[in-house]
Asker: 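Sharing a structure here in structure tokens format.
Below, chains carry the letters A, B, ... as their sequence lines are ordered, and counting in each starts from 1.
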There are 2 protein chains.
Amino acid sequence: MNSSFAPTERRLAVTCERHPAFPREPAVLVRLIKHIYKVVHDDANAVLKPFGLNHPEYNLLMMMYGTPSGEMTPSDLADAAGEKSANITRLTNQLCEKGLIHRKGSNDDRRKVVLTLTPGGEALIESFLPEICGLLGRQTGKLGADDQRQLERLLKKMLDGLTD
Amino acid sequence: MNSSFAPTERRLAVTCERHPAFPREPAVLVRLIKHIYKVVHDDANAVLKPFGLNHPEYNLLMMMYGTPSGEMTPSDLADAAGEKSANITRLTNQLCEKGLIHRKGSNDDRRKVVLTLTPGGEALIESFLPEICGLLGRQTGKLGADDQRQLERLLKKMLDGLTD
DNA sequence: CCGATGTAGTTTATTTATGTAATTTCCATT
DNA sequence: AATGGAAATTACATAAATAAACTACATCGG
């Protein structure tokens, strides 16, 4: 599974020759991001599997864990996790069945649903966080503190241009 | 759909408070990459839809376009595009049905299958490349030439640590 | 050389996940 | 009260991951 990036880069070079308008550098960046995303995603899934979670479920739990009020609506979650609302219904169903979150109707707007972490949910989070911290550390291990700050800055700059 | 990154970052800050071992900077980087990937992916799909393609199909076509010999086996493609081999069968079936690639058995190893772009496939690529070039330009528009080189360097460094 | 065993390349079948579109319920505004 | 729009869900369609099956090459001990 050790798919190196070098062959991809050679193919981009060939593409540039065949189609001179093709912007090599932007293409490399986009491909690198796809590439890294896939690896990061698969790694995370591997760590989470023993806890009975997949990556999107983990994302939802962490979004709730990071919300001071402890309450989120499905729309909030969809926005925060970048999932379609239909997915949120499915995913929160799964999390409810596992007893990790709790669902109740909102009082002030009966269209809304309010989701909260259960004690069991918080406990599960605390139990997998050490491993997640380790994973995050490994995933960025090659980068020094300076590199990380630089990378954050550049990624944010790129994102800035995307959300226009 | 303009999902800003600021709320995510606030949630990470809260997470750090609740769980001090949580490494803020690596988490920000990983989330940024996920975030950017999703946007880039969706944008590409939108551009490709009028051409009757989805993102993975586009990837396969471009991998073949960038291969000097013009020939690739399904395994080559799986490796190059980061797709599972079962997906390659499905995707290349679709591309064959659309008449964009051609499939034939290999002569020197009858286990292998050889895939080539058809003239129609090459023509389709040439027809969407201008729009793709535009998209790539927009996606990296905020980044200067220097930024792009830096970002490439840092992403490669990060990837380096991942494939261990 | 020959057959047994292992392994590579591809496909098929099954399950799981995701996207899309339409439905339902409710709030806000007039 | 009538219309329009927001929030969540449902039902349906599509895509993707997993695991098993199948065919062909490789190689090793007899």
Asker: Of the candidate nucleotides C:dG9, D:dG5, C:dA17, which contains the atom at the shortest distance from the side chain of B:Arg111?
Answerer: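 Between C:dG9, D:dG5, C:dA17, the one nearest the side chain of B:Arg111 would be C:dG9.
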Asker: Could you say whether A:Asp109 or A:Ala86 is positioned toward the 5' end of DNA chain D, judged by the nucleotide with the nearest heavy atom to each?
Answerer: A:Asp109
Asker: With a sphere of 6.0 Å drawn around NZ of B:Lys156, does it hold more than 12 non-hydrogen atoms of other residues, nucleotides or ligands?
Answerer: yes
Asker: A:His41 NE2 to C:dT18 P: how many Å, rounded?
Answerer: 7 Å
Asker: Any idea which of D:dT9, D:dA17, C:dT18 is nearest the A:Arg90 side chain?
Answerer: C:dT18
Asker: Look at the aromatic rings of B:Phe51 and B:Phe128 and report parallel, tilted or perpendicular, splitting at 30° and 60°.
Answerer: perpendicular
Asker: Look at the side-chain N and O atoms of A:Asn54 and state whether any lies under 4.0 Å from the OP1 or OP2 oxygen of C:dT16.
Answerer: no
Asker: Just how far, in rounded Å, is P of C:dT20 from CG of B:Asp42?
Answerer: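 One finds 8 Å between P of C:dT20 and CG of B:Asp42, rounded.
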Asker: Just N and O in the side chain of A:Asn87: are any of them under 4.0 Å from OP1 or OP2 of C:dG19?
Answerer: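 For C:dG19, OP1 or OP2 has a side-chain N or O of A:Asn87 closer than 4.0 Å.
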Asker: Picking from C:dT10, D:dT10, C:dG19, which would you name as closest to the side chain of B:Thr89?
Answerer: C:dT10
Asker: Check side chain to side chain donor-acceptor pair (under 3.5 Å) between A:Lys157 and all other residues, then give those that pass, not counting sequence neighbours.
Answerer: B:Asp147
Asker: For the side chain of A:Val113, starting at C-beta, report the closest nucleotide among C:dT18, C:dG9, D:dT9.
Answerer: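 The listed nucleotide nearest to A:Val113's side chain is D:dT9.
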Asker: Can you find a side-chain donor-acceptor pair between B:Asn59 and A:Lys34 that sits under 3.5 Å?
Answerer: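 Judged by distance alone, the side chains do pair up.
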Asker: Let's see if you can work this out: which of C:dT10, D:dC25, D:dA16 has an atom nearest to the side-chain heavy atoms of B:Ser85?
Answerer: C:dT10
Asker: Which one, C:dC26, D:dA7, C:dT10, comes nearest to the side chain of A:Arg110?
Answerer: C:dC26
Asker: Which whole-number value in Å describes the distance from B:Leu60 CG to D:dA16 C1'?
Answerer: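 Nearest whole value for this atom pair: 13 Å.
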Asker: What is the separation between atom NE2 on B:His55 and atom P on C:dG19, rounded to the nearest whole Å?
Answerer: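 Going from B:His55 (NE2) to C:dG19 (P), I get 14 Å.
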Asker: Do the ring planes of A:His35 and A:Phe5 sit parallel (below 30°), tilted (30 to 60°) or perpendicular (above 60°)?
Answerer: perpendicular
Asker: Nearest whole angstrom, please: distance from the C1' of D:dT9 to the CG of A:Leu91.
Answerer: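 Computing the A:Leu91:CG to D:dT9:C1' distance gives 14 Å.
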Asker: Distance check needed: D:dA6 P versus A:Asp108 CG, whole Å only.
Answerer: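 These atoms are roughly 18 Å apart.
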Asker: Once you round it to whole Å, what is the distance between P of C:dT16 and CD of A:Glu57?
Answerer: 13 Å
Asker: Without decimals, in angstroms, what is the distance between A:Glu83 CD and C:dG19 C1'?
Answerer: 11 Å
Asker: Taking the side chain of A:Lys84 as its heavy atoms from C-beta onward, which of C:dT10, D:dT9, C:dG19 lies nearest to it?
Answerer: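 The closest nucleotide is C:dG19.
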